[in-house]
Amino acid sequence: MENKASNKQESMLEDIIHLKRLKEGDSRSFDFLFNKYYKDLVLFSCVFLKEQNSSEDIVQDIFFRLWENRENLSIESSLKAYLLTAVKNSCFEELRHREVVRTHQNYVMGSSDLIDYNTEHYLLYSDLNDHLQEAIKKLPEDMRTIFEMNRFKNLKYREIAEELNVSVRTVESKISKSLEFLRKHLSGFYDLILLFII
């Protein structure tokens, strides 16, 4: 028991030292902490998401933010507790996001009025497309690029992430924000347009 407690204390002291160096911009300390916690955090994330790839994206994103915000880090508890809490919160946010997307898709596809592909809808397509293209032009460039790669080039989130050298989480966030932007700018056309771009 004493040996276990001693090891835990040594680990915490080790984290404190590397955190201090991390704040000063020491990339070796960042690498040390990444290698120390990465696998355990991915496994912890998998408990919530049940997916290896999504869990890896979340943990990588958390470490990215850790490095980006290193100068302003304020960790009152242990680093381990801080990282576990960050992973848990990100997983809950991801699950909430998935539920919103799933609910909205079910609503759109379940509406008999919207999936009634009659002549009127075919005649409306060019008009809908004009409205959609105008709205897409108003998207910020990074959001527009990711949105078009996914919706019009049929690239998967991971393919886009690899091509643009960003995380899958970033791609998901940009597409979600793009859809929200389009919803606001297309008002009554939005639900019908979703049938062409989802």
Side-chain angles (χ1 to χ4, degrees), residues 1-101 139-150 155-181:
M1 288 290 289
E2 288 182 8
N3 189 41
K4 195 171 182 179
S6 176
N7 289 340
K8 183 178 179 182
Q9 190 171 13
E10 284 180 15
S11 178
M12 291 179 66
L13 289 172
E14 192 175 54
D15 287 353
I16 291 171
I17 292 170
H18 283 286
L19 260 180
K20 184 176 183 298
R21 292 175 181 169
L22 173 67
K23 288 182 179 182
E24 296 168 353
D26 187 347
S27 61
R28 288 173 300 180
S29 286
F30 173 81
D31 291 341
F32 174 85
L33 294 172
F34 182 89
N35 291 327
K36 180 179 179 179
Y37 287 109
Y38 180 76
K39 289 182 180 178
D40 285 337
L41 292 175
V42 170
L43 289 173
F44 181 65
S45 178
C46 283
V47 171
F48 300 98
L49 301 183
K50 317 296 184 188
E51 293 177 12
Q52 179 81 13
N53 290 339
S54 296
S55 295
E56 289 178 353
D57 289 335
I58 279 179
V59 174
Q60 288 169 16
D61 189 53
I62 286 170
F63 273 106
F64 174 77
R65 294 200 306 266
L66 188 73
W67 175 257
E68 286 290 291
N69 302 318
R70 61 188 179 278
E71 294 178 0
N72 301 314
L73 275 178
S74 177
I75 299 177
E76 297 178 1
S77 58
S78 68
L79 175 63
K80 179 181 177 181
Y82 172 87
L83 292 172
L84 286 171
T85 300
V87 169
K88 181 185 70 175
N89 291 341
S90 291
C91 288
F92 286 170
E93 182 182 334
E94 173 65 16
L95 291 170
R96 281 195 298 269
H97 170 70
R98 291 181 185 183
E99 183 60 30
V100 168
V101 171
L139 285 168
E141 185 176 353
D142 59 335
M143 288 169 57
R144 184 172 68 251
T145 298
I146 289 175
F147 182 82
E148 290 178 339
M149 289 174 76
N150 176 246
L155 294 180
K156 296 178 180 178
Y157 287 5
R158 181 160 294 282
E159 293 173 327
I160 297 171
E162 289 174 357
E163 185 169 330
L164 299 180
N165 197 27
V166 297
S167 70
V168 174
R169 179 79 174 163
T170 297
V171 174
E172 290 176 345
S173 174
K174 296 291 184 184
I175 289 177
S176 177
K177 288 178 181 177
S178 295
L179 289 172
E180 180 62 22
F181 178 91

Y157 and D57: side-chain donor and acceptor closer than 3.5 Å? no
Side chains of [X] and [Y]: does their closest heavy-atom pair fall under 4.5 Å?
{"X": "L66", "Y": "L22", "result": "yes"}
{"X": "F181", "Y": "K177", "result": "no"}
{"X": "I58", "Y": "L49", "result": "yes"}
{"X": "L164", "Y": "I146", "result": "yes"}
{"X": "L139", "Y": "E148", "result": "no"}

Using 0.5 Å steps for rounding, measure from the [atom1] atom of [X] to the [atom2] atom of [Y].
{"X": "T145", "Y": "N150", "atom1": "OG1", "atom2": "CG", "value": "12.5 Å"}
{"X": "R70", "Y": "S27", "atom1": "CZ", "atom2": "OG", "value": "9.0 Å"}
{"X": "I62", "Y": "T85", "atom1": "CD1", "atom2": "OG1", "value": "10.0 Å"}
{"X": "L33", "Y": "W67", "atom1": "CG", "atom2": "CH2", "value": "11.0 Å"}
{"X": "M143", "Y": "S178", "atom1": "CE", "atom2": "OG", "value": "3.5 Å"}
{"X": "L83", "Y": "L41", "atom1": "CG", "atom2": "CG", "value": "5.5 Å"}

Please determine whether the number of non-hydrogen atoms from other residues, nucleotides or ligands lying under 6.0 Å from atom [atom1] of [X] exceeds 12.
{"X": "N165", "atom1": "CG", "value": "no"}
{"X": "E24", "atom1": "CD", "value": "yes"}
{"X": "E141", "atom1": "CD", "value": "no"}

Can you name the nearest heavy-atom pair linking F30 to F63, along with the distance?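 Looking at all heavy atoms of both residues, the shortest contact is CE1-O, 3.3 Å.
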In terms of the angle between their ring planes, are F32 and H18 parallel, tilted or perpendicular, with boundaries placed at 30° and 60°? parallel
Using the six-membered ring wherever Trp is involved, compare the ring planes of F48 and F44 and label them parallel, tilted or perpendicular (cut-offs 30° and 60°). perpendicular
If you apply the rule side-chain contact (heavy atoms from CB on, under 4.5 Å), what do you find for L19 with L79, and how did you get there? CA-CA 8 Å; L19 260 180; L79 175 63; 4.1 Å; yes
If the test is salt bridge (charged side-chain N to carboxylate O under 4.0 Å, His left out), which one of K36, K20, K80 qualifies with E14?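 The residue from K36, K20, K80 that satisfies salt bridge (charged side-chain N to carboxylate O under 4.0 Å, His left out) with E14 turns out to be K36.
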From E56, Q60, E94, residue fulfilling side-chain hydrogen bond (donor to acceptor under 3.5 Å, both in side chains) relative to R169: E94
